[in-house]
2 protein chains.
Amino acid sequence: MKDPQTIFHEYLVRNKLKMTPQRRLILEVFLASGEHLASEELYRQVRDRDPSIGQATVYRTLKLLHDAGIAGSYHFGDGVVRYEPRYGQQHHDHLICERCGKNIEVVDEKIERLQEELAKRHGFVLTGHRMYLYGLCSECRTA
Amino acid sequence: MKDPQTIFHEYLVRNKLKMTPQRRLILEVFLASGEHLASEELYRQVRDRDPSIGQATVYRTLKLLHDAGIAGSYHFGDGVVRYEPRYGQQHHDHLICERCGKNIEVVDEKIERLQEELAKRHGFVLTGHRMYLYGLCSECRTA
DNA sequence: TTCTGTGCAAATGATTTGCAGCCAG
DNA sequence: CTGGCTGCAAATCATTTGCACAGAA
């Protein structure tokens, strides 16, 4: 698997777009931070390294990273889009506590396989999926 | 299972809230329309029956219906929250074509069961879940 | 040189909220 | 009566866009 920098660069060339210091920096910070990141949060981190960078550039770059397949997007239910790297971390789903907001990353191979089958049964080929499980964690349940 | 009107009424009483003609009408239209409905769309339908009703009231009532457990909320990825009745229709997940936007409702009992187990393994008790499968439908794939 | 990228501020679109009067309990 | 409700318009919040200038290729 090629590294994200290379993938991004190839994506830019393929679409006649340009590599810039801003895009390079945003990608670097994005890859280093991991956790489901809102544009706003990424913007704050990027600004620490280069205060001249604009909010809009972060939004625009995040969209590019998503189109390039480098960032996956998540909608947890507040009105904010969150992103996280798709390379360097394996796919996972989310188990969310409705009381305390705890957000656990989970994977279940059997479910993944059944999702494929379910899609195939309807003539679909899957490109991705999102699964959000909402409930109460043990602490919140006993408290 | 009690009917939605009763559930709503009990919810209102329990929270010292009041039943009003607006809320009654909004609930009625909501239940009759089914399909994943944005507040905006519901507002338009409600207005046909009572043009004096305000947009904000629809937003406020939809939130009440959600809190009362009568409406489930869905986030498909455009910035709009959609609702649909949780009573009178069985739970389902979504298979979405990324090209043509086709949105098929699906259920897989085996997956449902595995979700419960997965949650239990992490000490959670589930209250609900959302699963969105993204891909290409057969038509879009061959076109 | 030629476009594409950038920062800024203004624009957008969905949803929320303040307020003065209305009305259910 | 009283405190919750309503419509309206203004306010928010996340995100997008127009624009003039800057800077990759």
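Naming convention: chains lettered A, B, ... in sequence-line order (proteins, then strands); numbering from 1 in each chain. Worth knowing before you read on, the calculation uses all heavy atoms, side chains too, and leaves out hydrogens, waters and symmetry mates.
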**Q** If you compare every side-chain N and O of B:T20 against the phosphate oxygens of D:dT6 (OP1, OP2), does one of them come in below 4.0 Å?
**A**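 Yes.
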**Q** Of the nucleotides C:dT15, D:dG18, C:dT4, which one has an atom closest to the side chain of A:L17?
**A**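 Shortest atom-to-atom distance from the side chain points to C:dT4.
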**Q** Can you tell me the distance, in whole Å, between the CE atom of A:M19 and the P atom of D:dA22?
**A**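 About 23 Å, once rounded to whole Å.
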**Q** Restricting both atoms to N or O, compile the protein contacts to nucleotides 1-3 of chain C shorter than 3.5 Å, with distance only.
**A**
from: C:dC3; atom 1: O2; to: A:K18; atom 2: NZ; distance (Å): 3.1

**Q** Indicate the ring-plane relationship of B:H94 and B:H92, choosing parallel, tilted or perpendicular according to the 30° and 60° boundaries.
**A**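 Judged by the thresholds at 30° and 60°, the geometry between B:H94 and B:H92 is perpendicular.
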**Q** Would you say the side-chain atoms of A:T61 pair up with the backbone N or O of A:R23, donor to acceptor, closer than 3.5 Å?
**A**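 Flag not set: sc A:T61 to bb A:R23 has no pair under 3.5 Å.
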**Q** For DNA chain D, which residues in residues 61-71 of chain B have a heavy atom at a distance below 4.0 Å?
**A**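 By residue number: none to list.
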**Q** Select one nucleotide: of C:dC8, D:dC8, C:dG5, the one nearest the side-chain heavy atoms of A:R23.
**A**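 Closest of the options to the side chain of A:R23: C:dG5.
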**Q** Could you check how far CD of A:Q22 sits from C1' of C:dT4, rounded to whole Å?
**A**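 Answer to the nearest Å: 12 Å.
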**Q** Do A:D93 and B:M131 have side chains that get closer than 4.5 Å, going by heavy atoms?
**A**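 No. Closest side-chain heavy atoms not under 4.5 Å.
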**Q** Within a 6.0 Å radius of atom NZ on B:K63, are there more than 12 heavy atoms belonging to other residues, nucleotides or ligands?
**A**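 Not buried by this count: 12 neighbours or fewer within 6.0 Å.
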**Q** Rounded to whole angstroms, how far apart are CD on B:E41 and P on C:dA14?
**A**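 Rounded to whole Å, this separation is 10 Å.
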**Q** Write down the distance between NE2 (A:H75) and P (D:dC13), rounded to a whole number of angstrom.
**A**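 Distance, rounded to whole Å: 21 Å.
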**Q** Does A:F76 have A:R82 sitting over its ring (NZ/CZ under 6.0 Å from centre, angle to axis within 45°)?
**A**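 Not satisfied by the 6.0 Å and 45° rule.
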**Q** Quick check on side-chain contact (heavy atoms from CB on, under 4.5 Å): which of B:L65, B:L17, B:V13 does B:F8 satisfy it with?
**A**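 Testing B:F8 for a side-chain contact (heavy atoms from CB on, under 4.5 Å) against B:L65, B:L17, B:V13 leaves exactly one candidate, B:L65.
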**Q** Might you confirm whether atom NE2 of B:H9 has over 12 heavy atoms from other residues, nucleotides or ligands at distances under 6.0 Å?
**A**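 For B:H9, atom NE2 is not crowded (no more than 12 foreign heavy atoms under 6.0 Å).
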**Q** In this structure, how many angstroms lie between the P atom of C:dT15 and the CG atom of B:L42, rounded?
**A**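 To the nearest whole Å, that distance equals 12 Å.
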**Q** Do the side chains of A:Y132 and A:V81 join up, straight or via other hydrophobic residues, at under 4.5 Å, putting them in one cluster?
**A**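 In one cluster with A:Y132: A:V81, no.
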**Q** Whole angstroms only, please: what is the CD-C1' distance between B:Q55 and D:dC5?
**A**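 It is 17 Å, rounded to the nearest whole Å.
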**Q** Can you tell which of B:H129, B:H122, B:E116 makes a side-chain contact (heavy atoms from CB on, under 4.5 Å) with A:L133?
**A**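 Checked B:H129, B:H122, B:E116 against A:L133; only one passes side-chain contact (heavy atoms from CB on, under 4.5 Å): B:H129.
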**Q** Counting only N and O atoms by type, is there a donor-acceptor contact under 3.5 Å from the side chain of A:R47 to the main-chain atoms of A:Q55?
**A**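 Judged by distance alone, no pair lies under 3.5 Å.
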**Q** Distance check needed: C:dA24 C1' versus B:F8 CZ, whole Å only.
**A**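 It works out to 14 Å between those atoms.
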**Q** Donor-acceptor check, side chain of A:R130 to backbone of A:S73, threshold 3.5 angstrom: yes or no?
**A**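 Yes.
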**Q** Given atom OH of B:Y43 and atom C1' of C:dG13, what is their separation to the nearest angstrom?
**A**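 Value for this atom pair: 15 Å.
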**Q** For DNA chain D, list all stems, counting runs of three or more consecutive pairs where every pair is Watson-Crick or G-U wobble with both distances under 3.5 Å.
**A**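 Paired runs of 3+ in DNA chain D: C:1-25 with D:1-25.
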**Q** Counting only N and O atoms by type, is there a donor-acceptor contact under 3.5 Å from the side chain of B:R141 to the main-chain atoms of B:G135?
**A**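 Pair absent, no side-chain N/O of B:R141 close to backbone of B:G135.
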**Q** Check every atom of D:dA14, D:dC8, C:dT15 against the side chain of A:V80 and return the nucleotide holding the closest atom.
**A**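 Taking heavy atoms from C-beta onward, the closest nucleotide is D:dA14.
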**Q** According to a strict under-4.0 Å criterion, is B:Y59 in side-chain N/O contact with OP1 or OP2 of C:dT15?
**A**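 Answer yes for this pair, as a side-chain N or O of B:Y59 is under 4.0 Å from OP1 or OP2.
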